[in-house]
Amino acid sequence: MYGTEEERLGAIEDRLRRDDPGFVRALAAGRPRRPREYRPVRAWALLAAAFALLACGVVLPHGLLIAAGLVLAGLAADRFPPP
């Protein structure tokens, strides 16, 4: 694929710059942060929305809200990074 080790490292650096420029800036500043795929902020927001739908479905006996909350909770669980 690539000839020398420097070319491979350059390709990795270019891909990282393209995928998560905020991580590269923070790393260059000396304050690295976790890459985007390991920041589960959206997953927590999705999980909160799922529990809100689930609670509404339980309080107002409505099966569709309960089902939507459960499906959304499953989608949120899939968004969390692996341990």
Side-chain angles (χ1 to χ4, degrees):
M1 183 181 223
Y2 296 107
T4 67
E5 186 173 335
E6 288 180 18
E7 290 174 346
R8 284 184 284 190
L9 288 175
I12 292 170
E13 181 181 359
D14 290 340
R15 189 171 52 239
L16 185 58
R17 278 188 203 282
R18 188 177 53 250
D19 290 346
D20 198 354
F23 175 71
V24 172
R25 281 192 303 270
L27 190 62
R31 301 188 69 206
R33 63 181 187 172
R34 292 184 292 178
R36 181 179 297 128
E37 60 267 12
Y38 295 109
R39 293 189 300 253
V41 174
R42 290 182 186 155
W44 282 110
L46 194 60
L47 191 60
F51 283 136
L53 269 177
L54 190 59
C56 287
V58 170
V59 170
L60 309 167
H62 198 283
L64 188 59
L65 286 176
I66 293 172
L70 290 173
V71 168
L72 208 57
L75 290 172
D78 187 53
R79 304 277 305 176
F80 282 100

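- Looking at every heavy atom in both residues, Ala73 comes nearest to Ala50 through N-CB, 3.4 Å.
- Residues Val24 and Leu27 are not in side-chain contact: their nearest non-hydrogen atoms beyond the backbone lie 4.5 Å or more apart.
- Annotation: side chain of Leu54 is in contact with side chain of Ile66 (closest heavy-atom distance under 4.5 Å).
- Connection of Leu46 to Leu65 is established within a shared hydrophobic cluster, with ILVMFWY side chains joined at heavy-atom distances below 4.5 Å, either directly or through further cluster members.
- Placement of Trp44 and Leu70 within a single hydrophobic cluster is found when ILVMFWY residues are connected by side-chain heavy-atom separations under 4.5 Å, directly or transitively.
- Under the rule for a side-chain hydrogen bond (donor to acceptor under 3.5 Å, both in side chains), the partners of Arg17 that lie at least two apart in sequence or sit in another chain are Glu13.
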